[in-house]
Engineer: 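Pasting in a structure now, in structure tokens, and then I'll have a few things to ask.
Numbered from 1 within each chain, the chains take letters A, B, ... in sequence-line order. The basis for the numbers below is simple: all heavy atoms, side chains too, and nothing from hydrogens, waters or symmetry mates.
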2 protein chains.
Amino acid sequence: MSKDTRLARVAHVLVHMSFNEGTATSETIAAMLDTNPVVVRRIMGALREGGYVSSERGPNGGWRLERPLREITFLNIYRAFDPGSPFTIATSDDHPKCVVERAANRALSLALSEATARFEQSLAKITLDQLLPRKT
Amino acid sequence: MSKDTRLARVAHVLVHMSFNEGTATSETIAAMLDTNPVVVRRIMGALREGGYVSSERGPNGGWRLERPLREITFLNIYRAFDPGSPFTIATSDDHPKCVVERAANRALSLALSEATARFEQSLAKITLDQLLPRKT
DNA sequence: TCTAATCGTAACTATTACTAGTACGATATT
DNA sequence: AATATCGTACTAGTAATAGTTACGATTAGA
């Protein structure tokens, strides 16, 4: 599988939108990300459900940032994508009744959930305004 | 991508081998995992490089556990597979010179490496003898 | 020395779970 | 009515493990 880069890309986009009165069209954003407007609509659509951006159709439409950068965290964005496990590693279920397999799965699941919790803690500490270039 | 279940599967196998004087053939193990002997050879071959098992060819050959269960951790097994990042999430590199993208990548990388460290810490605490059924 | 058991490995396909892209429809402004 | 813009169903591409086939290399033992 190719890696999921949506979080990094959309964080990038939202910061740039804030430079432009908080608005942009899918077309403009797609050019920024070297991709297709449809990809942008999919990614931004997920954020819309969380209330971080809104969209309008028709001429002069596009996307608008609905919250200041300091009120949006990486965790907010991450969760907006409705993620499953962020790991490439999973338990096995060849023999669900085998006590050894179950013990192995239990141990692995615990390690995965501890690491996931740590990941989310770290994401929660990152707000988008931290990505702004320093004004010297 | 489908998920990587090698760690859970091979942990399961090694514990079962310990019940049988520490030996088994690829054929036997494949039956245990509902798979093909070639898949088993691939997985076990990685462990051989770490010295956790050895193999012998010819009649009466097969795989032998070379260390007691309590001396093999999930981290040992995990590392034997020469893993890349265990995450499905990665940074983006659409515009490597954009300071905003770089700041976003830096923040995300930190979160990923903190979570990876936590994952490995958890794996290191799990030894295979912890998977043995309790003798009552 | 022949036979059979067993691992070693290359090559190919299947599966899975994405992301990327195409096409076209819906909506809103002018 | 024309055009800009988002919405979305469908298809294609991608990358990883898993599975399969085929065949070669090695070794025990009759």
Engineer: Does D:dG24 have its OP1 or OP2 closer than 4.0 Å to a side-chain nitrogen or oxygen of B:Arg57?
Structural biologist: no
Engineer: From CE of A:Met44 over to C1' of D:dT5, roughly how many Å is that when rounded to an integer?
Structural biologist: 14 Å
Engineer: Determine the minimum heavy-atom distance between A:Ile29 and A:Met17, stating which atoms define it.
Structural biologist: CD1-SD, 4.3 Å
Engineer: In whole Å, what is the span from the CD atom of B:Glu27 to the P atom of C:dG8?
Structural biologist: 14 Å
Engineer: Over how many whole Å does the gap from B:Lys3 atom NZ to D:dA18 atom P extend?
Structural biologist: 13 Å
Engineer: Which is true for A:Asn36 with a 4.0 Å heavy-atom rule: it touches a base, it touches only sugar-phosphate, or it touches nothing?
Structural biologist: base
Engineer: Hey, is the side chain of A:Ser55 poking within less than 4.0 Å of OP1 or OP2 on D:dG7, counting only N and O atoms?
Structural biologist: yes
Engineer: Please tell me if B:Thr35 has a side-chain N or O lying less than 4.0 Å from either OP1 or OP2 of D:dG19.
Structural biologist: yes
Engineer: So what does A:Thr5 touch, heavy atoms closer than 4.0 Å: a base, only the sugar-phosphate, or nothing?
Structural biologist: nothing
Engineer: Starting at CZ of B:Arg6 and ending at P of D:dG19, how long is that distance when rounded to a whole Å?
Structural biologist: 12 Å
Engineer: Mind calculating the distance between CZ (B:Phe87) and P (D:dA16) to the nearest angstrom?
Structural biologist: 17 Å
Engineer: Under a 3.5 Å distance rule, please check whether A:Lys3 uses its side chain to pair with a backbone N or O of B:Phe87 as donor and acceptor.
Structural biologist: yes
Engineer: Kindly give the heavy-atom pair with the smallest separation between B:Ser92 and A:Thr5, and that separation in Å.
Structural biologist: CB-CB, 4.2 Å
Engineer: Assess whether atom CD of A:Glu114 is packed by more than 12 heavy atoms of other residues, nucleotides or ligands within 6.0 Å.
Structural biologist: yes
Engineer: With hydrogens left out and only the distance checked, is there a donor-acceptor pair under 3.5 Å joining A:Arg42's side chain and the base of C:dG21?
Structural biologist: yes
Engineer: Could you give the CZ-to-P distance, from A:Arg41 to C:dG21, as a whole number of Å?
Structural biologist: 13 Å
Engineer: Would you kindly compare A:Gly58 and A:Val39 by the position of their nearest DNA chain C nucleotide and give the one closer to the 5′ end?
Structural biologist: A:Val39
Engineer: Select from B:Gly61 and A:Arg9 the residue whose nearest nucleotide in DNA chain C is closer to the 5' end of that strand.
Structural biologist: B:Gly61
Engineer: Rounding to a whole Å, what distance do you find between B:Asp4:CG and C:dA17:P?
Structural biologist: 14 Å
Engineer: I'd like to know if the side chain of B:His95 reaches the main chain of A:Met32, judged simply by a donor and an acceptor atom lying under 3.5 Å from each other, with no hydrogens or angles considered.
Structural biologist: yes
Engineer: Is there a side-chain polar atom (N or O) of A:Ser26 under 4.0 Å from OP1 or OP2 of D:dC6?
Structural biologist: yes
Engineer: A:Ile43 CD1 to C:dT19 P: how many Å, rounded?
Structural biologist: 8 Å
Engineer: Considering only side-chain heavy atoms of B:Val38, which listed nucleotide, C:dA10, C:dA23, C:dT30, is closest?
Structural biologist: C:dA10
Engineer: Within the structure, does a side-chain N or O atom of A:Asn60 lie under 4.0 Å from either OP1 or OP2 of D:dT3?
Structural biologist: no
